[in-house]
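For reference, the structure is listed below as structure tokens.
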Amino acid sequence: MKSLVLLAFSASLFAQTQSFSTSAGEVKITPLFHASVLIQAAGKTIYIDPAKPAKIDNLPKADLILITHIHPDHFDPSYLAALTQPGTQILAPASVGEKYPAAHPIANGQTQSWQQWTIETVPAYNLQ
């Protein structure tokens, strides 16, 4: 599942949920709006860039939230508050952590383990 973020952005090009099987089980990717994506796999719920106007009512709480950068169409503190639960981890650039202290910093090019997952950031260009 190392390439999960890349797959999530690829799936966001589609207007509907995409599911596929892996050796670790089924992966379900649901585009929410723009860069906002919901990933469900291995009993975990992961969000990438949950922000307005994505519809998050009645969606499951997050185990992990990944924020790519601080722009408001990728980072929305009210959405983070609505989607977190005890134990939710938020990984984001340091600029997000300055505005939302619950976010743990992760830098471009860094790799970090989270449970059985490997999170690897891939810089596209500087958005800070």
Side-chain angles (χ1 to χ4, degrees):
M1 293 199 199
K2 189 172 185 178
S3 301
L4 198 52
V5 172
L6 178 59
L7 290 171
F9 286 115
S10 297
S12 69
L13 300 174
F14 300 99
Q16 58 186 335
T17 298
Q18 302 292 309
S19 296
F20 55 92
S21 295
T22 72
S23 60
E26 183 178 11
V27 175
K28 182 177 171 183
I29 300 174
T30 305
L32 301 175
F33 187 84
H34 182 53
S36 299
V37 177
L38 165 61
I39 301 169
Q40 295 168 296
K44 301 298 177 190
T45 300
I46 301 169
Y47 288 90
I48 300 173
D49 289 344
K52 292 176 183 149
K55 303 220 183 302
I56 61 168
D57 295 339
N58 302 316
L59 291 179
K61 298 289 187 179
D63 295 300
L64 175 65
I65 299 175
L66 304 171
I67 306 296
T68 60
H69 61 283
I70 199 163
H71 292 169
D73 57 336
H74 296 260
F75 163 62
D76 186 319
S78 66
Y79 273 38
L80 296 181
L83 292 170
T84 58
Q85 62 184 336
T88 298
Q89 185 164 3
I90 301 169
L91 298 177
S95 58
V96 170
E98 292 170 10
K99 305 268 184 204
Y100 200 84
H104 300 279
I106 188 167
N108 283 340
Q110 185 178 353
T111 299
Q112 182 170 332
S113 293
W114 176 77
Q115 299 187 15
Q116 77 271 25
W117 304 76
T118 299
I119 310 300
E120 183 176 355
T121 62
V122 180
Y125 52 91
N126 188 357
L127 294 173
Q128 296 190 26

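Side-chain contact between I90 and V96 is absent, with no heavy-atom pair separated by less than 4.5 Å. T17 has its side chain within reach of K28: a pair of non-hydrogen atoms, C-beta onward, lies under 4.5 Å apart. Proximity of I67 to P50: side-chain heavy atoms (C-beta onward) are separated by under 4.5 Å at one or more points.
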* Step by step, would you call T88 with K61 a side-chain contact (heavy atoms from CB on, under 4.5 Å)? -> CA-CA 8 Å; T88 298; K61 298 289 187 179; 5.6 Å; no
* To do: Apply the test side-chain contact (heavy atoms from CB on, under 4.5 Å) to residues L59 and L32: give CA-CA distance (whole Å), side-chain angles for both, the deciding distance (0.1 Å), then the verdict.
  => CA-CA 10 Å; L59 291 179; L32 301 175; 3.9 Å; yes
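Between K52 and S78 the shortest heavy-atom distance is NZ-OG, 3.6 Å. Across all non-hydrogen atoms, the minimal contact from Q85 to D63 is NE2-OD1, 3.4 Å. Counting all heavy atoms, side chain and backbone alike, G109 lies closest to T121 at N-OG1, 2.8 Å.
Not a single donor-acceptor pair under 3.5 Å links the side chain of S21 to the backbone N or O of E26. With hydrogens and angles disregarded, a donor-acceptor distance shorter than 3.5 Å links the side chain of Y79 to the backbone of A54.
Relative orientation of the W114 and W117 rings is tilted, given thresholds of 30° and 60° on the angle between their planes. A tilted orientation is assigned to the rings of H74 and H69, their planes being inclined by 30° to 60°.
In the hydrophobic clustering of ILVMFWY residues, with side-chain heavy atoms under 4.5 Å counting as a link, F33 and F75 come out apart.
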